[in-house]
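This report concerns only the one structure given below.
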Amino acid sequence: DGHEGERGRDGNVSIIYWQAPSILNPFLSGGTKDVESASMIIEPLARYNEKGELVPWLVEEIPTVDNGGVSEDLTQITWKITPGIKWSDGTDFTSADVKFTAEYCMDPEGGCGQVTKFEGVTNVETPDATTVVVTFDKPTPNPYGPFVGGESPIIQAAQFADCTGARAPECTEENFNPIGTGPFKVVEFKPNDVITMEANENFRHEGKPAFASVTFKGGGDATAAGRAVMETGEFDYAWNLQLAPDVIAQMEQGGKGTPVAGFGPLVERIMLNQTNPDPALGPDERSVIRPHPFLGEPAVYKAMSMAIDRPLLVEVGYGQAGKVTCNWVPAPEAFNSTSMTCDTQDIAGANALLDEAGFTDTDGDGIREVNGVPMKILYQTSTNAVRQDFQALIKQWWSEIGIEAELRNLSASVFFGGDPGSPDTFQKFYADVEMYANTFNGTDPQSYLANGLCDKAPSPASQWQGENISRFCMEEYDALHAELTQTAGLEARAEIGKKLNDMYVQNGGMIPLVHRGRLSAHANSLGGVILNVWDSELWNVADWYRIGE
Amino acid sequence: MPDGPAPVQEPVLDVQGLQTVFKTRGGEVHAVNDVTFHVKPGELLGVVGESGSGKSVTMMSLIGLLPSPPADVRGGTVMFEGNDLLKTDTETLRKVRGGRIGFVFQDPMTSLNPVFNVGFQIMEPLRKHMGMSKSAARARAIELLELVGIPDAARRLKDYPHQFSGGMRQRVMIAIALACDPKVLIADEPTTALDVTIQAQILELVKDLREKLGMAIIWITHDLGVIAGIADRVMVMYGGQVVEQAPVRELFGNPQHPYTRALLETIPTVRGARPDKLNVIQGQPPILGAVPTACPFRDRCAFRFDRCDRENPKRLPAGPDHDAACFYDFQTGGPRGA
Amino acid sequence: MALDEQKQPLVRVENLKMHFPIFGGLMRRRVGEVKAVDGISFDVFEGETLGLVGESGCGKSTVGRSVLRLYEVTDGTVTIGGRDIAHAPPEELRQMRTQMQMIFQDPQASLNPRMTVGDIIAEPLLEHRKMSSRELDDAVGGLMDRVGLNRNFAKRYPHEFSGGQRQRIGIARALALSPKFIVCDEPIAALDVSIQAQVVNLLEELQETMGLTYLFISHDLSMVRHIADRVAVMYLGRIVEIAPRDDLYDRPLHPYTQALLSAVPEPDPSRESTTERVILTGDVPSPSNPPQGCNFCTRCPQVIDICRQIEPEFQEVTPGRFAACHLLDQKPESAAKAPSEAT
Amino acid sequence: MFTFTIRRLILAVPTLLFISLVIFMLLQLAPGDPMAQVPLTVPPAVKEQMRQALGLGEPIHVQYLKWLRQFFWIEPLNLMDIWFGTTFAEGELRVISWQTRSPVMDIVAQRIPQTLWVVGVAYLVGILIALPIGIISAYKQYSWFDNAGTLVTMIGFSVPPFFSGVLVIVIFSVGLGWFPSIYDTTLVVDDWASLKKQINQMFLPVMVLALQITSQISRFMRASMLDNLNQDYVRTARAKGIRERGVVLVHVLRNSMIPVVTVIALGIPSIFGGAIITEQVFKVNGIGQLLITAIQANDLPMVQTLTFIFAVLIVLFNLIADVLYGVLDPRIRYD
Amino acid sequence: MTDVTHAESARNQWWDVWDQFKTHTGAMVGLVVFVFIVLGVYIGPLIWTASPTDIPPVVEMIKTRDARPIYTALWDSGARVSWANPLGTDNLARDNLARLMYGGRVSIAVGLTAMILSILIGTLVGVLAGYFKKLDRPLMIATDLFLALPLLPLILVASLLFREPLSAAFGVEGGIFVLIVVLIGVTSWMQTARIVRGDVLGLKEREFVLAARSIGTPNRRMVTRHILPNVLSPIMVSATLGIATAIITESALSFLGFGFPPDFPTWGRLLNDSVDRMVSYPERVVWPGTLISLTVLAVNYMGDGLRDALDPRIRGR
Ligand SMILES: Nc1ncnc2c1ncn2[C@@H]1O[C@H](COP(=O)(O)OP(=O)(O)OP(=O)(O)O)[C@@H](O)[C@H]1O
Ligand SMILES: Nc1ncnc2c1ncn2[C@@H]1O[C@H](COP(=O)(O)OP(=O)(O)OP(=O)(O)O)[C@@H](O)[C@H]1O
Ligand SMILES: [Mg+2]
Ligand SMILES: [Mg+2]
Ligand code: NI
């Protein structure tokens, strides 16, 4: 792009996220809003670019077996930090900070939200100020979990020294104002409202960032965010505009901004609860004990999937930003399984399947019964016009196969809030089925596929943390996944990955619906935006600049 | 004080053929019909009549106090200081109100503004009409309160109406009406809401003031006793019309309209003979739906003719400065003028 | 005592007190009381009309209501027909209500605007008599005839009637249970002069035909003179004088009575100018804070020192005439004469 | 008057305590054990500390007392610390939001300015528009002005702000580009330019809110004026020869304002309460938005605190309204 | 008595009220509009039988979705309109007219029942407090308390708390209906109670109540015969205002996500859901918005008229 000049030359850039960040320490929150807002301030050692490739960030190069950065037995990775990097307070960025970050997150009392990133890590060592050696407990073909990607940035040891373990949540000042190496630093953080940032004068790249300050506004709804960028031009960047295609098209006519879409592994899916969410069970047993009264039945979940007209969903909800998919992992291409097709709706087939399996409507009310209990399900999702349309459509189709759905929609900030206190989070899953989209950072789905492991199921014991939302549990799956963790070589890994994908979907873990592109919008005057679906969207905010003038 | 033949004097207020109509949902109400009267300087004109006979409406029509709509003053002239009050511009009329003609209303409890102190309310017309300074107005207000017999006037200026008794509020009302030395004072049943002992105080006060200030007074009441005590001349109203008009002694001694007669007969007294049975005016007052084409009193009248049904009697002379709107002549015992 | 021998007292009121509490201060405690009625006694004889006069706020209505126990009296007894009203238990009281009725001042306010005239008159019958609806209709019709209302109007509403007619409705309601005793609380005050006479005549006529006993409350001294047999004069919660009508009007004993009578305007200009008036100064004191000694001492033209200290006793001055004034104690023989000179 | 005020103040204390109890109990009713609502990422030791502070496990009245202590003792002390640099509240556990892990009061303090700017100004504007409308409507009852006023106020009353808000955004922000659609809470007003900007960004939310407020208050004003226009003292004032303007604006207005002023005073707490929907639509992120997000995130300490602050304000302004009533109306000088 | 006189004099008070009401143009227009709307939403679905929630099969859906109202053909000949959907369809091809009618059913039902509940509570409290001295203080303190409780937060909290138990007891929609109605009812009776109490206190001093007491009418009949009919007009006025408030409150709750489930149309939700497409499909906001406003307006004007009609002073004229 060749936009050069001194740091801060382009004044202010304003970003709107319709979910407001409530904390700037991604280790204490799992929310994308918090992770992405923090990614402008604190950075990982390496991250993924828009193509899903790993790129060095605070290091010289990506360690691999070839360049000797990864040990032959796949149990050790050595990061070489670029010398001369400074924290925004002017102190040196050293390997000690990296080590501290690992300790901070791995502290059992700290309640770290990204603890999965550090899975298998036994030891972090710092032979010198620029070298970090991470040792895993077993061969790890994909050792790029810790310190890679927006979810695992490095925090400053000096700042957080007193905030480890139990004291982590108490450090309001630190959590609201972390010192980082990123292009910006916090001026003021108003939780759930707005973050004001200014350029980090100690940023390692000359002449970057182009903007002197950032206004990061949170709250509201996707429509308003899209409108503010594309129609009124008040904001420069709006995140994740999950809006119907006709609404986006209408906004685009405003002429002030452009929507950008990118396809990552993001899949809109329906998760099927493998546990019993009956409220009568009480908060500690609910969605913990297995099995679900009927969702575990192959005939049931297969029929539910067959009843869905995915092309129609794509057309109604996403248009260009969506594709039909039957897979959990639709990207990267190598991992996209082709064993299943689900392009056509088959209500009759679904009905036949259910009849055959003996789930019939015994009392003539149009709803099938299982052991005398009608097949009624609670179908929840976040509040969002497209999702509500999906809900209405799918409810209709399911009713045609004799399954009644009760719809419920929850504010996105609650649903994805990750607050273990709320009964309405997607993790608690106090419903029979729930619909949302999920994705993973990077191009390797290993840890993403780990979301299907038995021991990843959220429960009171795990403090409702864990990504196995549908509480899927299958020995074979666990075994195959273990094999994946041992396997190197892309082809072999892709083979296993596809198998895992098929296993999960075919055994009723989820009903994939739409392979979604991430759709964000930026102002026409904002240059340098490269939509990255594999990492934080704001990954290259240091390169953004103002066009024209 | 009633006295002998009055010297020929120009009336201060001369009302001719006044006509006032209310437009209501149920149709028009002809509250005042062709009312003609006058007052001379220093004279006290008493107005009596039963409730709804149009006394208040007549007086309020004079100075444009009736809300319009629904009221509509249809006709007549009201000559005051060379102007026809019904035709002048609002600014002149406004100056006349409160400045040249004072008004005292029936209910002293509600006629004063509850949220302003009495001083403000007395001083208001003084400052508006006479352009007095604040201190001059204050001095005058104290003087006025003393004039109407409120002790400790200076201190009481700061009091609010609810801190006064009914009698005292009525005195305050009179003080307000007198503030700008009006030529005419119209008092609409100023003592009806008061007790007899208080009424006696007020009547005494008015007699006093009249001697001191020498203005013309129109005094509305339905208590003939009050009229007898203070009026020079009396006008009797019935059904929106003036039915009889005479000097006070003449009226009481020689009433020429059957309604006046009946009224005088019905009222019991505390002194003198006590009849066994009260005389009664049978029937109800008329409904004022249209301009009457017949005598409004005919349904209740003991001296009714055929003619009463056909024609509304005009006021005809019935003695010196005495006229009555009745076809029956009590002196001759036959039709008047026939 | 001539009257006493012929007639029995139907109503006997002894030392009746009605104090309304006043609340105030930081905790809304009872800080005082309005002594609306402060220890009065009188009898009403069968078939007579006792007039009760006085200025506004002196407690006339309160007396009337207390006598019928529409208020819970503070102290004293009220017996009607030998039965104690003031302390009767609720059910007994309900029975006794048939004996005594009330006619109210404001004919508009005393009729429920949402009930038909027929229903209003029928209400006492419904409460106390078991009647079929046909009987009820007839009874209501009869009552309406009796008070001179067209019985065809039974289905109309009060606002469709004139003031005098409304008062007749109130009277019909009071008569429904054929009571012996009726309290008339200023029944004519709200009516026009020409209508007043109609109502008063009706009341008199009913008294004759039905043998009713009235307590007739009014501040119109001339009407009371017309209708009452005996008259009680109240001032600030106390009765200052009770006397047979003619005695009272011709020779008032109490200075207040004298002033009151002289304040009544005379509807005769020839006599008016000759009348010498006693004009009272000042206002009635507040009943929550009555003056020490005689209640009237603050306005009395003939006040003497003792009046300001000692409360005069209410006593029989001449047979059948009661009054409470220190002047009468001092010169009992001339007391009856002195006022007549003032007239 | 003075004793009245004192008495009302004294009476307000038990009322407030009772209200706080009601709020406390209501939130305690929330499903499950309140400690189960504490994020489980909060480590056990901290949880134990919170448990101590809340008195959980103890009888409910002890819990309540502890809450009272936190709210009425520690928080004010903290405020003093901030103002005077003292250290009274050091080491005491403040009321901590479960969502942001920071003291509730700090966040509330952060939100109050923007709430006051927008909702407060809207209230003022609403009143300033409403009063003349009410006065003229009443004075010219059933005139075209009155009818039009009635129509507009009724529409203002009946159109939900989530519709009117978006409508004005579409018209004025998108269509005409006159005003921003998103409120900038970081704007610091320190010179004319920023003031202009502030006014500019306030315009739409203030307009939407003021429409609602105007609707209500002008109705009250009209009714009150109508009541008073028929009073006898108005006739007296006219008979005194006062100009119509004087009659209406001095005599009638003062009397009519008595009930309206109390209505206005009673509405003031709602300013602090924020206007939840309007704040959402324009992203004002004031108290209302704070409350709604707290409720959504089950942030009990935040909800408890906010609700109770509202209750205090409501009781306070009730009291002020009563006292005002007495001040304005000489007939009701309580004593 | 004869039948003739019966006929002549059998003038029911309600006829007078009606006569007076008829003279109030605004109120009459309001009544007509309200009746029209109510009939439309309750009888309408019997005539216009399209389903508000059913989505047609795929092919058809694609064809029929996002249809414009018939009348757009007047100025835009290219508009996709169809007599099968006179008001057009939404983006899932559901019939707008049917959705409006069903939405109206719920909104009006919520408005009416919440209003009735609030009036019942308000009147009961008001009458008891006004009539029985002993109950006055405690009841008024309770009323003040309710006034002092911040309502919207409480409604939100309560709907969070009781949603599930109620859903279990009354079914999903039933449960939420009960919840919303009860919440609105329980939090909006205070004004009525205050007004009624004030009126009752005044009435108690009126002489006709005294007259009834002197007759020996017991308290129960005193209240039903003399007190209640006379506080009817303020109650009626509160009632009409109450419907409006309830409809609006429901829509606000829907907006905040605490109302009915997303597929259950109410006017408030229809309006809210269509705000995104306000520019392309203005009819989808205009219709529900207009209907809410019209209903509220109509009800308010009716309230105005009723107040006049029930006031004997005005009616007497
Ligand atoms: N605003 C009005 N609308 C309709 N009719 C009215 C209005 N004001 C007065 N009237 C009618 O005008 C007539 C005369 O009323 P007015 O007040 O003059 O009587 P009045 O003689 O003063 O009676 P009172 O002795 O009761 O004061 C009455 O029949 C009354 O009904
Ligand atoms: N319920 C009450 N509570 C407190 N004070 C009362 C009550 N009823 C009457 N009073 C007071 O008692 C006194 C006597 O009142 P009452 O109504 O008996 O006077 P009245 O002689 O009938 O007057 P009026 O001629 O005006 O009807 C008055 O000072 C009044 O203020
Ligand atoms: Mg009059
Ligand atoms: Mg009385
Ligand atoms: Ni018959």
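Computed from a predicted model, the values in this text were never measured in an experiment. Labels below follow one simple rule: chain letters A, B, ... track the order of the sequence lines, proteins then strands, and each chain is numbered from 1. The analysis underlying the following values was restricted to heavy atoms, covering all of them including side chains, and did not include hydrogens, waters or symmetry mates.
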Item to complete: Among C/Arg97, C/Glu123, C/His128, C/Arg94, find the residue that satisfies the side-chain hydrogen bond (donor to acceptor under 3.5 Å, both in side chains) test when tested with E/Thr217.
Response: C/Glu123

Worksheet item: Side chain, backbone, both or neither: which part of E/Arg225 has an atom under 4.5 Å from a heavy atom of chain C?
Response: both

Fill in: Non-hydrogen atoms of C/Phe104 and E/Leu210 that approach each other most closely
CE2-CD2, 3.7 Å

Discussion item. Taking atom NZ as the centre, does C/Lys180 end up with more than 12 heavy-atom neighbours from other residues, nucleotides or ligands that are less than 6.0 angstrom away?
Written reply: no

Worksheet, complete the sentence: Residues C/Pro113 and E/Asn230: closest non-hydrogen pair is CG-OD1, 3.3 Å

Fill in: C/Leu68 side chain reached by E/Arg213 side chain, heavy atoms, under 4.5 Å
no

Worksheet entry | Rounded distance (nearest 0.5 Å) linking atom CG of C/Asp185 with atom CD of E/Glu207 | 6.5 Å

Discussion item. Below 4.5 Å, heavy-atom pairs only: which of C/Glu127, C/Met96, C/Met102, C/Gln101 has the largest tally toward chain E?
Written reply: C/Glu127

Discussion item. Less than 4.5 Å to any heavy atom of chain E: does that hold for the side chain of C/Arg69, its backbone, both, or neither?
Written reply: neither

Practice prompt. Might you point out which heavy atoms bring E/Ala211 and C/Ser110 nearest each other, and give the distance in Å?
Written response: CB-O, 4.2 Å

Worksheet item: Rounded to the nearest 0.5 Å, how far does NE2 of E/His226 lie from CD1 of C/Ile120?
Response: 8.5 Å

Worksheet item: Does atom CZ of E/Phe36 have more than 12 heavy-atom neighbours from other groups under 6.0 Å away?
Response: no

Fill in: Residue C/Leu70 versus chain E: region with a heavy atom under 4.5 Å
both

